[in-house]
Amino acid sequence: MPLYHRRKADTCTRERIIPANNVLIAQIYIKFVYLITFDLIMSSNSNWSADEDQSSKLMRKAKESPFVPIGMAGFLGVVAYGLYKLKSRGDTKMSVHLIHMRVRAQGFVVGAMTLGVLYSMYKEYLAPDE
């Protein structure tokens with residue numbers, strides 16, 4: 001795949017160069033999300049029992065990786081607070097307010113994911129074996 005798509009401009013005097021990296025990045029992202037989802041499904045089926053209901057499965061998964069529910073709760077909290085403050089945003093544009101809300105929510109989720117990875121690495125490599 002070429003790095004750039006060349007397309008003639010409307011005046012036909014110059015060529016515009018359009019990056020093709022966006023398509024490649026989107027394809028890589030979709031494959032990454034598919035692999036992560038497939039891995040989560042396969043790992044959740046390894047400890048599955050026939051008499052396990054949804055609430056006990058949720059509690060078991062929360063004990064295995066406690067920062068996932070923390071990240072989800074934080075995301076929902078940031079979004080709820082941002083929507084609550086939507087009317088009292090002052091002279092800030094709606095798009096700027098929504099972008100800031102999205103960045104805060106994503107920051108909370110990325111922070112929770114980072115703490116979760118560090119916790120799992122500690123538990124697997126540094127914690128004393130029992």
* Nearest heavy atoms of Pro66 and Pro69, plus distance in Å -> O-CD, 3.3 Å

Could you go through residues 72-94 and list every donor-acceptor pair under 3.5 Å that involves a side-chain atom there, pairing it with any protein atom two or more places apart or in another chain?
| residue | atom | partner | partner atom | Å |
| --- | --- | --- | --- | --- |
| Arg89 | NE | Thr92 | O | 3.0 |
| Arg89 | NH1 | Leu86 | O | 3.0 |
| Thr92 | OG1 | Arg89 | O | 3.2 |

Expected list for residues 102-123: side-chain donor-acceptor pairs under 3.5 angstrom, two or more places apart:
| residue | atom | partner | partner atom | Å |
| --- | --- | --- | --- | --- |
| Arg102 | NH1 | Gln106 | OE1 | 2.9 |
| Thr114 | OG1 | Val110 | O | 2.8 |
| Ser120 | OG | Gly116 | O | 3.3 |
| Ser120 | OG | Val117 | O | 2.9 |

